[in-house]
Amino acid sequence: AVLVLLSGGVLGARAIGKALGRVGSALDDAADRSSGSARSGVGGTTLTSSGRIKLAAGEVSALTIGGDTVFTAVTGRGSTTVTATAVADGRQRWQQPVAMEAAELRLTAVGDLLIVDGESATTHAKKDARAVLNAATGAQRWISAWDDSVDITYLGTDALVQRREATRTRLVRVNLLTGAVTWTRPLIEDMYLIDERISRPALTWAAGTAASAAATTSFDRAFRQPFGVDPGVAVQLSEDAKKIEIVDPANGSTRAWGPAGLDAELWTVYNNLVIGALADDDTVVAAFRVTDAKPAWEYQFPAGSRVGRVAPCGERLVCASADTSGGGKKLVAIDLDTGVGRWDKGYDFSGDPAWSVVADRLVVGDGPFDAIDEASVVDPGTGQASHSFGARSSGVRVLGCSGSRLALSGYRLTGTTMTWQVGAAKPDGTAIGSGDVGAKTAKHVGVSGTALVALTEQNEVIIYPLPS
């Protein structure tokens, strides 16, 4: 399992407005932190580092964990240095220069490969760029411009990719070993931007090894949820044409299609259903069968509501959040089999409710950027909270998850001395342990079943092995 947390990134149109609502809360937090009261921090036992690695100086960096290895990247003039470090003892396994100087970096471990993505690379005429390395040795397989392309699904050493061409968009399959295109679907007229997605993987509750979902947003990169992917199904949406197409990933052919006017920002594919908010009526969440693209059910929010997010939240549940007519936030868990609401909860958050499945639990809080604030552990079947990580003023945030581990951040405050920490917790919220990162928050934090890793503002990687 892999977790990547990136600083910065591009926000969708809905997210930009919601970000403004957080400014007041952030100012309140800052005042609270300077009050001089003692705070105990993230909690749990004190974790022991297996290594501290000083990386080369650079403003742009990224981090991810793949198996028993920590991968880091730092951009310098005309080049990015990628380093692999063992989790167990902190020893460097390899270091590889990549001819890419980018404004933003992202690392993704896919089986035996490590993907290095760079945004607005000066080495590639200000276009996005991609390099693929051997994860075991660091040997570079290929590097190329990779503009206007978003990975959707990984199928072994192939990827289904959403690619924009001028004002139109298409779905292609790419061989990650060579960068060659295996097949290409016809262009559709929609021009998808930012958080809008032309295609989705078919998520399943049971995880498998044949395929995995690509993280397409900062939230997805932070919260690596334990879903599997059906390798034999992908779904393509055209909001302009108001239809969905069921695609065979093997050759790109269309198996079935049907009318479905879904919002390109607010849809998912889960347990054989395509589910999303209607583009012309954002009080309705509608579901369509993957088998034949025909309607399955509709869920109606009260008049004046506006759907804000749609995503799985349990084995036979999909959740939808909505702004209500009274100005509040509502989260509803919908039964996949019937389309009937199983439970609903109201929240007083500044942004939309954000949620993530962690093992058999649900973590819910204020989001959904690259962290969850005011987070609680919730029973997916009932919506009842069993653990709270505290109010925003407590300083504890849930940064992400991977497998059965949560990554947390917080701070210890003694008098006026603040020490920032990272920590790990179990799915039920029980603290596993924490470690200090210094006077400033970590730039990147990664968690897996075996390790908690932080990259500090001083470009030092701190590796904390976790107990099994």
Side-chain angles (χ1 to χ4, degrees), residues 146 148-176 179-193 195-205 208 210-216 220 227-280 284-298 310-312 318 336 339:
W146 193 256
D148 295 326
S149 298
V150 178
D151 293 354
I152 301 298
T153 308
Y154 299 117
L155 302 161
T157 55
D158 281 14
L160 297 188
V161 180
Q162 170 181 310
R163 184 163 286 170
R164 192 172 80 245
E165 300 178 18
T167 60
R168 298 184 293 176
T169 311
R170 71 163 84 240
L171 183 68
V172 302
R173 180 165 176 160
V174 175
N175 184 334
L176 292 174
V181 174
T182 304
W183 54 251
T184 301
R185 282 181 61 83
L187 284 163
I188 61 174
E189 295 303 318
D190 305 59
M191 184 177 71
Y192 291 108
L193 300 171
D195 286 340
E196 297 176 321
R197 297 291 173 257
I198 178 181
S199 297
R200 299 281 190 189
L203 301 178
T204 62
W205 177 254
S212 60
T216 60
D220 291 338
F227 302 121
V229 171
D230 184 343
V233 177
V235 180
Q236 178 174 288
L237 164 71
S238 172
E239 185 175 330
D240 185 61
K242 295 186 176 181
K243 70 176 183 179
I244 55 171
E245 296 179 74
I246 312 304
V247 177
D248 184 346
N251 54 30
S253 63
T254 298
R255 289 179 174 172
W257 73 274
L262 299 179
D263 187 314
E265 246 187 284
L266 302 172
W267 70 294
T268 187
V269 185
Y270 181 51
N271 279 353
N272 295 315
L273 289 174
V274 183
I275 312 154
L278 296 182
D280 57 2
V284 175
V285 174
F288 303 83
R289 295 190 294 266
V290 163
T291 51
D292 56 12
K294 294 186 181 300
W297 48 257
E298 288 189 354
V310 179
V318 65
L336 288 177

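- Judged as a side-chain hydrogen bond (donor to acceptor under 3.5 Å, both in side chains), and not counting sequence neighbours, T184 has no contacts.
- Counting all heavy atoms, side chain and backbone alike, E239 lies closest to L262 at CG-O, 3.5 Å.
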- Task: Kindly indicate, with the supporting measurements, whether the criterion side chain to side chain contact (heavy atoms under 4.5 Å, CB included) is fulfilled by D240 and I188.
- Result: CA-CA 9 Å; D240 185 61; I188 61 174; over 6 Å; no
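- For R170, the salt bridge (Lys or Arg N to Asp or Glu O under 4.0 Å) criterion is met by E165, not counting sequence neighbours.
- In this structure, E298 has no side-chain hydrogen bond (donor to acceptor under 3.5 Å, both in side chains) partners at least two apart in sequence or on a different chain.
- Closest approach of V310 to A277, counting heavy atoms only: CG2-N, 4.3 Å.
- Taking OG of S199 as the reference point, atom CD1 of I152 lies at 6.0 Å (rounded to 0.5 Å).
- In this structure D158 satisfies the side-chain hydrogen bond (donor to acceptor under 3.5 Å, both in side chains) test together with R173, sequence neighbours excluded.
- Remark: of the listed residues I244, V235, L273, I246, I244 is the sole one forming a side-chain contact (heavy atoms from CB on, under 4.5 Å) with F288.
- Rounded to the nearest 0.5 Å, atoms OG1 (T182) and CG (L160) are 9.5 Å apart.
- Looking at residues two or more places apart in sequence or on another chain, you find a ring-ring contact (aromatic ring centres under 6.0 Å, His included) between Y270 and F227.
- Contacts of A250 classified as side chain to side chain contact (heavy atoms under 4.5 Å, CB included), with partners at least two apart in sequence or in another chain: D248.
- For K294, there are no salt bridge (Lys or Arg N to Asp or Glu O under 4.0 Å) partners at least two apart in sequence or on another chain.
- The heavy-atom pair separating V318 from A311 by the smallest distance is CG2-O, 3.3 Å.
- Closest approach of P249 to A234, counting heavy atoms only: CG-N, 4.0 Å.
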- Query: Taking it one step at a time, do V274 and R200 satisfy side chain to side chain contact (heavy atoms under 4.5 Å, CB included)?
  - Reply: CA-CA 9 Å; V274 183; R200 299 281 190 189; over 6 Å; no
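- The minimum heavy-atom distance between L155 and A211, with the atom names listed, is CD2-CB, 3.5 Å.
- Annotation for W257: atom CH2 does not count as buried by contact number, only 12 or fewer foreign heavy atoms lying within 6.0 Å.
- The CG atom of L176 sits 7.0 Å away from the CG atom of D151 when rounded to the nearest 0.5 Å.
- For D230, there are no salt bridge (Lys or Arg N to Asp or Glu O under 4.0 Å) partners two or more places apart in sequence or in a different chain.
- Partners of S149 according to the side chain to side chain contact (heavy atoms under 4.5 Å, CB included) rule, which considers only residues two or more places apart in sequence or in another chain, are W146, V161, R163.
- For R185, the side-chain hydrogen bond (donor to acceptor under 3.5 Å, both in side chains) partners are Q236, E245, T254, not counting sequence neighbours.
- To the nearest 0.5 Å, atom CH2 of residue W267 and atom CG of residue L237 are 5.0 Å apart.
- Rounded to the nearest 0.5 Å, atoms CG (L336) and CD1 (I275) are 5.0 Å apart.
- Between A214 and Y154, the closest heavy-atom pair is CB-CE1, 3.6 Å.
- Rounding to the nearest 0.5 angstrom, the gap separating the CG atom in L278 from the NZ atom in K242 is 9.5 Å.
- Looking at V229 and L203, their side chains come closer than 4.5 Å, going by heavy atoms from C-beta outward.
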